[in-house]
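Structure first, then comments.
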Amino acid sequence: MKELLFGAAYYDEYMPCDRLAQDVAMMKKAGINVVRIAESTWSTCEPQEGVFDFSHVERVMDAMEEAGISVIIGTPTYAIPTWMVKSYPDVLATTVKGRGIYGARQIMDISHPVYRFFGERVIRKLMEHTAHRKCVIGFQLDNETKYYGTAGKNVQEKFVKYLREKFHNDLEALNDAFGLDYWSNRINGWEDFPDVRGTINGSLGAEFEKFQRSLVDEFLSWQSDIVREYCREDQFITHNFDFEWRGHSYGVQPDVNHYQAAKAFSIAGVDIYHPTQDDLTGAEIAFGGDMTRSLKQDNYLVIETEAQGFPEWTPYKGQLRLQAYSHIASGANSVMYWHWHSIHNSAETYWKGLLSHDFEENDTYLEACTIGQEFGKIGSHLVNLKKKNEVAILVSNEALTALKWFRIGALTGGESIVYNDVVRWIYDTLYEMNIECDFLWPESENFGRYKMIVVPALYASPEGLLRQLNQYVKDGGNLVTTFKSGFTDENVKVSHKVQPHILRECLGVKYHQFTAPKNVDLGGEAVEGIEDKRAKVFMEMLVPEGAQALAFYDHYNWKKYAAITKNRFGKGCAFYLGCMTGKEVLEKVLQDALQEAKVEIPSERFPVIVRKGKNDLGKDVRFYLNYSAEKQTAQSNLPSGHDLISGIKIAGGEALSIEPWNVRVIESE
Amino acid sequence: MKELLFGAAYYDEYMPCDRLAQDVAMMKKAGINVVRIAESTWSTCEPQEGVFDFSHVERVMDAMEEAGISVIIGTPTYAIPTWMVKSYPDVLATTVKGRGIYGARQIMDISHPVYRFFGERVIRKLMEHTAHRKCVIGFQLDNETKYYGTAGKNVQEKFVKYLREKFHNDLEALNDAFGLDYWSNRINGWEDFPDVRGTINGSLGAEFEKFQRSLVDEFLSWQSDIVREYCREDQFITHNFDFEWRGHSYGVQPDVNHYQAAKAFSIAGVDIYHPTQDDLTGAEIAFGGDMTRSLKQDNYLVIETEAQGFPEWTPYKGQLRLQAYSHIASGANSVMYWHWHSIHNSAETYWKGLLSHDFEENDTYLEACTIGQEFGKIGSHLVNLKKKNEVAILVSNEALTALKWFRIGALTGGESIVYNDVVRWIYDTLYEMNIECDFLWPESENFGRYKMIVVPALYASPEGLLRQLNQYVKDGGNLVTTFKSGFTDENVKVSHKVQPHILRECLGVKYHQFTAPKNVDLGGEAVEGIEDKRAKVFMEMLVPEGAQALAFYDHYNWKKYAAITKNRFGKGCAFYLGCMTGKEVLEKVLQDALQEAKVEIPSERFPVIVRKGKNDLGKDVRFYLNYSAEKQTAQSNLPSGHDLISGIKIAGGEALSIEPWNVRVIESE
Amino acid sequence: MKELLFGAAYYDEYMPCDRLAQDVAMMKKAGINVVRIAESTWSTCEPQEGVFDFSHVERVMDAMEEAGISVIIGTPTYAIPTWMVKSYPDVLATTVKGRGIYGARQIMDISHPVYRFFGERVIRKLMEHTAHRKCVIGFQLDNETKYYGTAGKNVQEKFVKYLREKFHNDLEALNDAFGLDYWSNRINGWEDFPDVRGTINGSLGAEFEKFQRSLVDEFLSWQSDIVREYCREDQFITHNFDFEWRGHSYGVQPDVNHYQAAKAFSIAGVDIYHPTQDDLTGAEIAFGGDMTRSLKQDNYLVIETEAQGFPEWTPYKGQLRLQAYSHIASGANSVMYWHWHSIHNSAETYWKGLLSHDFEENDTYLEACTIGQEFGKIGSHLVNLKKKNEVAILVSNEALTALKWFRIGALTGGESIVYNDVVRWIYDTLYEMNIECDFLWPESENFGRYKMIVVPALYASPEGLLRQLNQYVKDGGNLVTTFKSGFTDENVKVSHKVQPHILRECLGVKYHQFTAPKNVDLGGEAVEGIEDKRAKVFMEMLVPEGAQALAFYDHYNWKKYAAITKNRFGKGCAFYLGCMTGKEVLEKVLQDALQEAKVEIPSERFPVIVRKGKNDLGKDVRFYLNYSAEKQTAQSNLPSGHDLISGIKIAGGEALSIEPWNVRVIESE
């Protein structure tokens, strides 16, 4: 990337009037240098089967090329046209609810040959019209691809073939691995394979979801191969990943293995949506950014993020700009809004763009102009920002799915949580401590490059991965892991060895029982001086086998058991949280672990967020982001530098004043 | 109407024993002079296909005629017999959930030829048996007709034909109007028209619901034509409308356009159900009455209202009588209970009639006797009560439907509301101020007859209507309108002009952005001295363009924007509420508007409710209704008169004492 | 029974490794003398259609026989194998949601000939392998059988035939009994019988559920006949009943008439699951035990109860033992855990057995060892414990179902409750007073053996039963009954006589109206000195006709009506609760009734629970159970005796100290 990309999705197709010239003018004023077009526009590109019309695409490329604005072309495949469903209703995914009805996007069977046939044809036609264009800098494959619950006969038959291969045609092995004897679910002939949509077997169910995720990998790889045939060397291929959605981007995406799927692209792309106004913390920006950057251990594109967004997201003054710098501070090479203009009909009328429906300048647009101006001025100091983090968090789709089948906590009415609750408990605490992280996946290599690895609730894991973690500690790494880790194998079969099974070795602790705590407090050094001492949601009765108990359960019935432990193992140190706690307790344990790992803990704390990187000029860059409505102060931790925005000199250790919802960016001399 | 009708629905068919003689005697004692029979009794009238048996109907008519009690005949078509579904299962409506199962009422496709064939035949047979009878004073078509979600193949094909006509066969125009390009929903050939049940396009979806409502108009008009063939001149045709149901009658009926559907009747009829005991306010009685009276700008029938009702509705002493006078005070010519006796089986066993299941006299029945006695004595002074209201509220089914697709407020977890929440916020505040209202619909004419029109959340509106409102103000009218008005056209396409679009002219205000307020108070004169200053649910950032800001947003980020404005335009004045507020703030704004409109504001306030009218004798009548458990005082606002019930003289301005849950009715001399 | 059975369900089929020898050793250490095997293992017993393999069953019997551990054989029919559904998909029950999908247990049509054919064959094969074995002491038919909503064409046709017989082919009678005229549901030809799944008629709906329950009776009786062909005289036939499930065993089982279904067994069996830790009260153990013991008025088997159970149920120290003694104290002859080991896959991984997944000794297992040791020592003093209770509670499946159709209380948004809420309100109050109860059913005989009968909400009842209650009081019995009793007949048709209909005679009270109370307190002697005076959920306006008002409604509108009454009738006394109250008010009324009935009220109160019985040695046995975390004291009410566990002597009236979550068992000299 030569420059920061600043842009928006642009849909000429959705315009209620001819706006192209005015829009380009307003974009130029805002410093916008890229637009993303064409994704989801199949019904305009191919209005009838085999009839193509790329006039919208052409006219936008023409206008952008003339204006010097780059274009990213999205393949239109994530929303299918009416004619396809009318003629070939089988393309609609059959899910656990049966065959769907036309209407929404993302309702097709992504593995279906009819869909693939038409998909390939429209992609090839689109590529012929766009790939050679000067303005076109890259391509986005589909959009937020998932498997949409597809589980029709064809998909289930593929799944049986997949299992046959996985288990080397050995049904006995399959029955054993999944424990199918339970409730007479045993399959004694491949032809007896039941409709998997009704299964109550978490192992079989989780395996099916894993298989369904693999359909996404295969689909994106298939699209990538087609697009690559047409691509110039200077054009990238990306995709727009998204996250578990809880009204905003929240955690690991359940339906896609980002690590695997990302192999189909040359650069990772992502959308990140988050609360704003009083609820803006930057945590989702950092989380999504750290995860996406880690996919290819490189800079990434923010392909979509909110401009005005939902009614309740209309940003306060300063917030849009603060958000933009936050993305860059995480290593993004782009900030692109979804979308340029607010849509006048259909489902996303209240997911507002930079412009309101009236196309007039407004407070949000005007703030974008400021951002564009600054990016234009100092973008070359911010692009391709490289990070070297010392801490990583290991996440796993398999653990997530397994913990959807087997929630953590009380099962007859009390509180229970899922995987991403644990992930965000860990991540957000580190975020507020200003500890920058990378992410690792089970398939990742070279754990040794990190001083500390945090492993939340790794409930389903192959033995090899657990041994790798033991070895990591033995070799001098520092591990923090939590309840539920190592509990089952990759087939979601609970180990019949003493828990935490293989990790028992590095953790120096075991347990035979657990419960959902009611009125249980923690005692011991890890909770000293902390107000919220509660054990929350789930607790394991830990028995140290060499480990030091940092906390125990302060309850008459459980007081003989440890709650949090620390164990020196080989050259490293391994911490175990046997229960969920408040953030303060977690932070104290993390501090201990970071000190063991010799990772520096910044003195700044949320709402002041500090991010670091090295730019293309080889200079150190520091971002000091103020996520509050009050003025804050930070201390520059560069020997000497200057404020990139204002240009003023900053001495080492100098106190930096940061205005509400504002940012200071310091570059070393 | 010659006299007030006082009565009940009577089902000889449902009796566990022969009760007719005793029931007639108890009716006579209670002063009941009308019963409604035959509706929903198809399976007894036509026990087998083509076999008719009107013996229940005949014997009730005989008994009533002898006793001098009038009869209203309901056509039995809103519940279909088992034999029809067994032989012709296609008559069951296919909805978004698929084909239904027999059991409930109102489950058929009201447009289906099989249903229509049998319906016509049974109506004609019933008319032959009843129309000539002396006791029969009128007919009710079907009951609470709606379209029951009917959306089968035949209905969808009719819808496509309807669209083809609406858009003059121009698919391009349809795609543009509905914005179908979004998410590839574009329809490029009529034969590609997708199953509309799955649409995510609010414009298409809302249009389909409008089309479905038109099925109700057509159905009732078809029945009316049949019935009219048999009707005597002195017999009326009516229907029993109902309202949006929230455990009781709440607001505008989403599934029927009352204004259009009412064209099929000679007199409007309605059912009104409401909470009682401590929760009895009279608001639903007034709301439903005002709306139904406005349909034909004439008196109307209350065809159903609760006697004992649900267990939690058993009335306190005085409440049944208070309710009865409230209906009359709104211009009703009847108070009819659903129903005479409580039903011993099936679904509505706990929707209790005047009599409990034991057929004995009870407190509620005894209070009905008092009402009947009084109506007998003074009914001729109360029947055909005419009103001349100065204020009207404009309501719209199209706005309601559109705001079901696009709720008002936060969309990712916070509070959001729908159309009727705004309507009732307005109506109830006026009600508590004792400002009597009429209702208007988009199709209504002659807005100029009102000094003031209130327009809640007119979200979807043809341009003509908005211009009409501008003109109304220009000509001296006074308008109060709210957030979201004028936002989209009749196709639920958001305007791409600055909002509030066409109304910007009369309101003298514009806005580019809005949000869902969190911790936002109002400042300014409109909230002075008011405790609850909160902006609620939704707020627009108003920029006055000539208007006066009555309130602004008292929040650090929004303080430059107005919240409530007032604008002189031509000879009138237009008020705009840019956000939802507490009732006190709304009342203050309404007071200002009423003063501008020179509408007198009564000194009485809820729980004393004052209603006015002129009777057949040309005398002014005033009702003073006490909706509380405490004695209240009001001031007679007639120069001189007398208490119709007690007969005592009342001087002008005399203080009237009103007992708990009681009423005074004063007639001018 | 010669000895107390102490055991667990054991699934060799589910083992992740060969564990049999170790498990037997650990069982012996724990004093386990019985295992239940084979239920739900169809897919291992018959891996392919007609191919049988009982090797798991054989090897477990071999091992147990050698170890001297008894075996109960469960027929495997409650979970069907995949091959059956693949070849004969019709065996899946068609419910109101349509045909199911394979996966869970209990998804078949238990009346289907295909299922019956295969079921019979596998049972016969299993019996051939097991019935002759020395270790096999009995058989369990199926497991927790219900009708699983089965309502396919074949089931509905059977239902019509059933109705034709019930109504002697008289459709008119059926229409009248069910009130089908309402909403045109009248059936005028048997061939018109509609799909009953959609009915809104509570009478028809409740009758269908009663018919569905009869399928369970017939199914179990069919299995029993098959099993009995193979049974030795010394082998028992039982079944594992369960209760209404609210996250734990709660109340009367809606889908099975225990009284009828139990006729198929020689001994009653049951599973009881309940909260533990701070929420352990023993109420569910006592409730389930009292009900199951009453089925055959004999000792019963606890075939399943929790060991570790759900995560939130991991017992505190002492609780497992306290629970075991509580079962025995109710007359159980067994305490059997579900299950031995925790399952490593599928749906019930977190329903943990005595052993965790690691098969190691743990706190819960170790406590089981204590129990086993003690049972071994003193079991002969505890087995076959006989009770002679003076109080009984009459429960009814018909009332339960009817009150599901017609909930008690507010129907438009306020609070409403169902049958088991009333049952447990009654039962739990008696339990806390240490009044031991039996249960009666409408079909029970000889009410006169009880001094007092409590009848909660007997909403649907044949007239004969109500007359029987009148006679019971007349003859000197004492009756406490509640609101809603006697309201409808066995067809859920509300009586058209004055309520409480036939019971009016013994109760000396009537009412015409009722409501759901808002802000209504009670006054009068029954609430004197009690803090919580509220009338709750539902209230009837009682008019005493000879009865004494123990409480009236302290509310301005209802104050003339009684709320709770007491009436001497013949030689007995009848109490009526016209409304729901707090437990204190109920207790005061029950005390009054118990005094009238001359039933002794123990001085101990919950958390000390006292249970009584006579053992095989003819000695009186008393259990003093401490359901709290604090030490408690009770007073021995035996003239003299000894502590069975410690062996120490206990004088009459001696104060017994009971440790937290502990028990004292005293046997008379």
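For the numbers below, each heavy atom of this structure counts, side chains included, while hydrogens, waters and symmetry mates do not. Chain letters run A, B, ... following the sequence lines, proteins first and then strands; every chain starts at 1.
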Requested in this report: Determine yes or no for a side-chain-to-main-chain donor-acceptor pair under 3.5 angstrom, with Glu312(B) supplying the side chain and Leu411(C) the backbone.
Outcome: yes
Query - Polar side chain donor-acceptor pair, Gln277(B) to Asn557(C), under 3.5 angstrom - result: no
Query raised in the report: Does the side-chain hydrogen bond (donor to acceptor under 3.5 Å, both in side chains) test come out yes or no for Asp363(B) and Tyr561(C), once each step is laid out?
Result: CA-CA 12 Å; Asp363(B) 293 351; Tyr561(C) 293 111; 2.5 Å; yes
Query - Part of Tyr102(B) lying under 4.5 Å from any heavy atom of chain C - result: both
Query raised in the report: So how far is it from Arg197(C) CZ to Ile101(B) CD1, rounded to the nearest 0.5 Å?
Result: 4.0 Å
Query - Ser40(B) side-chain N/O to Trp183(C) backbone N/O, donor-acceptor pair under 3.5 Å - result: no
Query raised in the report: Measuring heavy-atom distances to chain B, does Lys510(C) have an atom under 4.5 Å in its side chain, in its backbone, in both, or in neither?
Result: neither
Query - chain C-proximal positions within residues 83-90 of chain B [heavy-atom distance under 4.5 Å] - result: Trp83(B), Lys86(B)
**Report entry** Region of Val492(C) in contact with chain B, defined by heavy-atom distances below 4.5 Å
**Finding:** backbone
**Report entry** chain C contact via Thr77(B) - which portion, at a heavy-atom distance below 4.5 Å
**Finding:** neither
Requested in this report: Could you tell me whether the side chains of His344(B) and Tyr182(C) share a donor-acceptor contact shorter than 3.5 Å?
Outcome: no
Query raised in the report: If you round to the nearest 0.5 Å, how far is CG of Asn345(B) from CG of Leu180(C)?
Result: 7.5 Å
Query raised in the report: Atom OG1 in Thr412(C), atom CH2 in Trp245(B): separation rounded to 0.5 Å?
Result: 8.0 Å
Query raised in the report: Of the listed residues (Tyr11(B), Trp313(B), Tyr350(B)), which shares the most heavy-atom pairs with chain C below a 4.5 Å separation?
Result: Tyr350(B)
Requested in this report: Against chain B, work out which of Phe178(C), Phe487(C), Phe514(C) has the most heavy-atom pairs shorter than 4.5 Å and name it.
Outcome: Phe514(C)
Report summary line: Pair count under 4.5 Å, heavy atoms only, with chain B: among Ala177(C), Ala516(C), Ser184(C), highest is Ser184(C)
Query raised in the report: Short question: side chain of Asn188(C), backbone of Ser43(B) - any donor-acceptor pair under 3.5 Å?
Result: yes
Query raised in the report: If we ignore angles and hydrogens, is there a donor and acceptor under 3.5 Å between the side chains of His512(C) and Asp358(B)?
Result: yes
Query - Contact winner vs chain C - Gly247(B), Pro311(B), Ala104(B), heavy-atom pairs under 4.5 Å - result: Pro311(B)
Report task. Nearest 0.5 Å please: distance from the NZ atom of Lys493(C) over to the OG atom of Ser346(B). Result -> 10.0 Å
Query raised in the report: Between Lys518(C) and Asp279(B), is there a side-chain N and carboxylate O pair less than 4.0 Å apart?
Result: yes
Requested in this report: Compute both the distance and the angle, then confirm whether Lys497(C) meets the cation-pi test with Phe359(B): under 6.0 Å from the six-membered ring centre, within 45 degrees of the axis.
Outcome: no
Query raised in the report: Shortest non-hydrogen contact from Trp558(C) to Pro315(B)?
Result: CH2-O, 4.1 Å
Report task. Test Asn519(C) against Asp278(B) for side-chain contact (heavy atoms from CB on, under 4.5 Å), laying out the working first. Result -> CA-CA 9 Å; Asn519(C) 307 319; Asp278(B) 296 348; 3.5 Å; yes
Query raised in the report: Taking atom types as modelled and ignoring hydrogens, do the side chains of Asp181(C) and Thr44(B) form a donor-acceptor contact shorter than 3.5 angstrom?
Result: no
Requested in this report: Run the numbers on Thr82(B) and Phe193(C) for side-chain contact (heavy atoms from CB on, under 4.5 Å), then give the verdict.
Outcome: CA-CA 7 Å; Thr82(B) 57; Phe193(C) 217 98; over 6 Å; no
Query - Met539(C) portion near chain B, given a 4.5 angstrom heavy-atom threshold - result: neither
Query raised in the report: Please walk me through it: do His357(B) and Ser495(C) pass side-chain contact (heavy atoms from CB on, under 4.5 Å)?
Result: CA-CA 7 Å; His357(B) 303 93; Ser495(C) 170; over 6 Å; no
Requested in this report: Nearest 0.5 Å please: distance from the SG atom of Cys17(B) over to the NE2 atom of His496(C).
Outcome: 4.0 Å
Query raised in the report: Atom NZ in Lys352(B), atom OG1 in Thr515(C): separation rounded to 0.5 Å?
Result: 9.0 Å
Query raised in the report: Any donor-acceptor pair under 3.5 Å linking the side chain of Asn185(C) with the backbone of Gly103(B)?
Result: yes
**Report entry** Interface residue of largest heavy-atom contact number with chain C, from Gln48(B), Lys317(B), Glu361(B), Glu13(B), under 4.5 Å
**Finding:** Gln48(B)
**Report entry** Which portion of Ile107(B) sits near chain C, non-hydrogen atoms under 4.5 angstrom
**Finding:** neither
Query raised in the report: When heavy-atom pairs shorter than 4.5 Å are enumerated against chain C, which of Trp42(B), Tyr78(B), Tyr14(B) gives the highest number?
Result: Tyr14(B)
